[in-house]
Amino acid sequence: MSPRRILVTSALPYANGPIHIGHLVEYIQTDIWVRFQKMMGNRCVYVCADDTHGTAIMIRARQEGRSEEALIAAMQEAHERDFAAFDIQFDNYGSTHSDENRQLCARFWQALRQQDLIVQRDVEQLFDPEAETFLADRFVRGTCPQCQATNQPGDNCSKCGSTYRPAELIDPRSTLSGAAPELRSAPHLFVQLEKLRDFLADWVANSGALQSETANYLAGHFLKDELRDWDISRPAPYFGFEIPDSPGNYWYVWFDAPIGYVASTQQWCQRNGESLEDWWQSDETEIHHFIGKDITYFHTLFWPGMLKAMGWSLPTKVHIHGFLTVDGEKMSKSTGTLVTAETYLQRLDPAYLRYFYATKLTPRVEDMDLGLEEFAEKVNSDLVGKVVNLASRTAKFAGKLGLSPEYPDDGGLFAQAAEAGDRIAEAYEECDYARAMRLIMELADRANPYVEHARPWELRKDPERQQELQDVCTVALNLFRQLAIYLAPVLPRLAQQCGELLGEPITRWQQSRTPLVGTPVAPFKHMLKRVQIEDLQQMIEDSKEQDTPEESTPAFADSDQPLKDEPLAEEITIDDFAKVDLRVARVVAAEHVPEANKLLKLTLSLGGEERRQVFAGIKAAYEPEQLVGRMVVMVANLKPRKMRFGLSEGMVAAAGPGKSEVFLLGIDDGAQPGQRVH
RNA sequence: GGGCCAGUAGCUCAGUUGGUUAGAGCAGGGCACUCAUAAUGCCUUGGUCGCGGGUUCAAGUCCUGCCUGGCCUACCA
């Protein structure tokens with residue numbers, strides 16, 4: 001069979017944050033598949049890129065006081081570093097902010113124009129006059145027009161569940177500046193997807209590119225009704241590519257992101273003297289996308305539509321996976337389960353995660369749970385106890401002797417395992433890594449009893465039986481090598497170590513068919529440490545601390561100094577306390593007071609139109625910019641006091657001795673401006 | 001509300017086109033071994049296969065109703 005030509009992609013990580021263990025499900029899943037294909041002798045190219053455009057990047061760059069280019073460059077470096085650390089091996093890792101991508105976007109655009117798929121329409125959208133930008137739904141909050149709940153997001157109400165457009169919100173506020181947004185109209189460009197309905201419906205149902213559940217889902221949700229036009233442009237300012245024939249408008253980030261797959265391929269082609277046509281316009285090439293279920297419709301409707309308009313190859317298969325949970329819960333910062341790649345690597349070996357994910361991954365769109373105990377058990381029993389143990393219990397006996405010149409009788413173990421290679425390969429091919437791992441562990445379960453019964457530790461004491469000893473080690477080490485070959489897509493480092501131990505690198509699946517004989521055996525080196533459950537727990541703790549970097553109180557050995565400095569006040573009744581009306585407030589504006597040494601002028605919102613101007617003595621501890629948008633607790637019924645700089649209509653609650661050591665009271669997520677503190 | 005998927009030993013799961021006393025790994029118990037990263041081997045305790053009907057000579061496996069959980073999505077595919 002001639003080698004297949006396969007192009008593989010993973011979804012492009014957004015340049016707005018670091019890689020975490022949830023992202024890694026996909027990159028590990030894809031990398032395993034790619035490594036497997038390469039071992040099978042297929043031509044397989046794995047491309048990816050950073051997804052760099054959009055409002056979120058623009059805003060963040062602005063907040064951090066640097067250019068978008070500087071932000072995405074730093075993020076890309078971090079992403080690539082994390083991927084490399086997890087042995088995720090791209091053939092090319094590009095960026096959507098590249099010349100190649102800009103040019104390809106123009107080509108796709110031209111094709112869509114030529115097919116008469118683009119139409120222009122005015123869209124009314126909220127505009128932040130202070131930040132001078134149009135606001136995506138999630139950057140607007142206000143009062144729900146249905147139930148009057150305050151501080152609701154721009155698209156739907158979390159209280160009553162009703163949906164609306166951001167412009168319908170009562171008293172909308174920009175979360176960027178706190179300013180009241182204005183409704184502005186601007187022309188937008190749309191792709192008329194409905195014109196491609198026949199093609200899409202057929203592709204979804206009959207191409208074989210989609211799992212059946214996904215095909216059903218699309219048929220039921222999107223293809224049931226008329227396909228809505230896809231708003232594909234954004235007016236300036238926007239970080240992205242300006243549309244050549246529509247000055248002042250930019251391609252929406254989801255237009256140029258999938259084209260980034262092509263741009264990344266092109267970079268690879270240029271470097272390797274290949275032609276892009278061979279990879280994107282050839283029936284000889286398979287195209288496999290690996291994505292998460294959250295971006296299903298971009299890859300199963302819009303993207304095939306775009307490719308169709310270009311007349312290019314359609315995806316051979318879109319592999320969709322579910323989300324990651326940790327100990328049965330959604331990942332979250334507060335519980336420390338949102339673990340970044342970096343935090344993981346401080347304590348744990350990437351091989352653990354690769355193997356654990358492999359034992360859990362199936363071709364279905366199912367969520368996957370990472371149970372901490374299960375994680376440790378699987379890694380320790382399977383990899384250390386069964387697989388690596390085979391080598392570590394025999395390699396040093398074989399060190400002096402090397403492997404036997406001919407492969408000895410092993411009761412058929414090697415032949416059986418060689419035969420199992422086909423079934424294991426099939427499981428990898430189908431992305432059923434869970435099955436592949438089970439099959440491999442079955443082999444490992446047969447190998448250890450062999451060693452047990454052969455008793456090499458007794459043989460080595462008898463000079464007459466050195467030949468037998470060598471034979472036993474030859475069998476054990478060859479069985480180990482077979483396992484290392486089968487696990488190589490998942491555990492490339494183990495494969496490499498095995499290659500070093502036995503003097504022949506592992507590169508091809510076929511190597512599992514023939515035992516190694518007559519070669520020297522290198523001194524055994526530790527291959528994989530056991531996982532300590534404490535390391536996992538510590539990793540979770542580390543992830544929590546990232547959330548509140550100031551708080552590092554491992555033993556809670558707090559000083560008694562603050563109480564000495566300011567002893568407790570005399571007892572009061574609850575009625576006394578009730579006189580103080582503490583309220584949650586949002587800082588909607590903050591500015592320096594030029595004449596004042598210690599004061600900042602804050603504008604606090606109590607929800608609705610209620611605003612208070614408060615002067616707070618926190619200048620040395622806080623910059624005005626970092627306060628805007630955050631929640632504070634204020635004394636709302638304090639008698640207003642006239643100050644030199646104006647009227648102060650309350651007090652912001654804060655702790656600390658003063659100067660730069662002032663700490664504002666915050667409040668947990670969910671609280672709303674105007675709520676009283678009881 | 002609708003759709004999809006799942007519900008098999010304490011835990012994670014296998015169970016092929018329905019066919020003899022339902023399996024594995026881990027965990028638990030006992031014994032053995034000491035080469036190995038408190039690793040390994042042997043033996044062993046655990047299951048009314050979510051519940052109730054039905055089809056069949058025969059159902060964990062097919063049909064149906066219900067219950068529970070997860071995901072998706074909303075006023076009905």
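The shown structure was predicted, so the numbers you read here are calculated from the model rather than taken from an experiment. Residue numbering restarts at 1 for every chain, and letters A, B, ... go by the order of the sequence lines.
With B:C13, B:G41, B:A36 as the choices, the nucleotide that has an atom nearest any side-chain atom of A:Lys360 turns out to be B:C13. When the nucleotides B:C72, B:A6, B:C33 are ranked by their closest atom to the side chain of A:Trp457, B:C33 comes out on top. When each of B:C13, B:C35, B:A39 is scored by its nearest atom to the side-chain atoms of A:Asn389, the top-ranked nucleotide is B:A39. Of the candidates B:C72, B:A36, B:C5, B:C72 carries the atom nearest the A:Lys293 side chain, counting heavy atoms from C-beta on. You'll find that the side chain of A:His453 is closest to B:G41, out of B:U12, B:A36, B:G41. Comparing B:C35, B:U34, B:U12 by their closest approach to the side chain of A:Glu458 singles out B:U34. Of the candidate nucleotides B:U37, B:A6, B:A36, B:A6 has the atom lying nearest to any side-chain atom of A:Arg364. In this structure, the nucleotide among B:A14, B:C5, B:U40 sitting nearest to the side chain of A:Arg438 is B:A14. The side chain of A:Arg460 approaches B:C35 more closely than any other nucleotide in the set B:C72, B:C35, B:U37. When distances are taken from the side chain of A:Leu528 to each of B:G41, B:U37, B:C35, the shortest belongs to B:U37.
Pairing for B:A24 is with B:U12, a Watson-Crick or G-U wobble pair whose two hydrogen-bonding atom distances lie under 3.5 Å. For B:C42, the paired nucleotide is B:G30, the pair qualifying as Watson-Crick or G-U wobble because both relevant distances are below 3.5 Å. Pair check for B:G69 finds B:C5; Watson-Crick or G-U wobble, both atom distances under 3.5 Å. Here B:C49 sits opposite no nucleotide as a Watson-Crick or G-U wobble pair (both hydrogen-bonding atom distances under 3.5 Å). For B:G60, there is no paired nucleotide, since no Watson-Crick or G-U wobble pair has both relevant distances below 3.5 Å. Nucleotide B:U37 forms a pair with no other nucleotide shown, judged by Watson-Crick or G-U wobble geometry with both contacts under 3.5 Å.
For the side chain to side chain donor-acceptor pair (under 3.5 Å) test, residues two or more places apart in sequence or in another chain that qualify with A:Glu452 are A:Arg393.
The CZ atom of A:Arg530 sits 15 Å away from the P atom of B:A36 (whole-angstrom rounding). Between the CG atom of A:Asp432 and the P atom of B:G15 there is a distance of 9 Å, given to the nearest Å. The nearest whole Å value for the distance from the CD atom in A:Glu452 to the P atom in B:A39 is 14 Å. Summarising the geometry, the separation between CG on A:Leu479 and P on B:C35 is reported as 21 Å, rounded to the nearest angstrom. If you take NZ of A:Lys396 and C1' of B:U34, they are 11 Å apart, rounded to a whole angstrom. Between the CG atom of A:Leu459 and the P atom of B:U34 there is a distance of 13 Å, rounded to whole Å. Taking atom OH of residue A:Tyr433 and atom P of nucleotide B:U12, one finds them 23 Å apart after rounding to whole Å. Between A:Phe222 atom CZ and B:G3 atom C1' the separation is 13 Å, expressed in whole Å.
Counted within 6.0 Å of CD on A:Glu419, heavy atoms from surrounding residues, nucleotides or ligands total 12 or fewer; the atom is thus considered open. Annotation for A:Lys308: atom NZ does not count as buried by contact number, only 12 or fewer foreign heavy atoms lying within 6.0 Å. Atom CD of A:Glu534 has more than 12 neighbouring heavy atoms from other residues, nucleotides or ligands inside a 6.0 Å radius.
Sorted by first then second residue, the side chain to side chain donor-acceptor pair (under 3.5 Å) pairs that include residues 523-532 of chain A, not counting sequence neighbours, number zero.
Annotation: B:A58 and B:G3 have their P atoms spaced 33 Å apart (nearest Å). When the C1' atom is used for both B:G60 and B:A74, the distance is 35 Å, rounded to whole Å.
Looking only at atom types and distance, the side chain of A:His288 has no donor-acceptor partner in the side chain of A:Thr316 under 3.5 Å away. Between the side chains of A:Asn478 and A:Tyr407, no donor N or O sits under 3.5 Å from an acceptor N or O. A donor and an acceptor atom, one from each side chain of A:Gln538 and A:Asp542, are located under 3.5 Å apart.
At the heavy-atom level, A:Val365 lies nowhere under 4.0 Å from the strands shown. When heavy atoms are screened at a 4.0 angstrom cut-off, A:Asp367 is found touching the sugar-phosphate backbone but no base atom. Across all strands shown, A:Pro456 has no heavy atoms under 4.0 Å from either base or sugar-phosphate atoms.
Of the two residues contacting RNA chain B, namely A:Phe323 and A:Arg435, the nearest-nucleotide position lying further toward the 5' end is that of A:Arg435. When the nearest nucleotides of RNA chain B are assigned to A:Thr362 and A:His526 by heavy-atom distance, the more 5′-ward of the two goes with A:Thr362.
In this structure B:G70 sits in the anti conformation; its chi angle is more than 90° from 0.
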remark   = Its contact letters, B for base, S for sugar-phosphate only and - for none at protein heavy atoms under 4.0 Å, make nucleotides 23-30 of chain B read --SS----
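Remark: of the listed residues A:Trp33, A:Phe36, A:Tyr486, A:Phe36 is the sole one forming a ring-ring contact (aromatic ring centres under 6.0 Å, His included) with A:Tyr428.
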key: A:Glu504 vs A:Arg481, side-chain contact (heavy atoms from CB on, under 4.5 Å): CA-CA, chis, key distance, verdict   = CA-CA 10 Å; A:Glu504 188 183 285; A:Arg481 178 166 167 271; 3.2 Å; yes
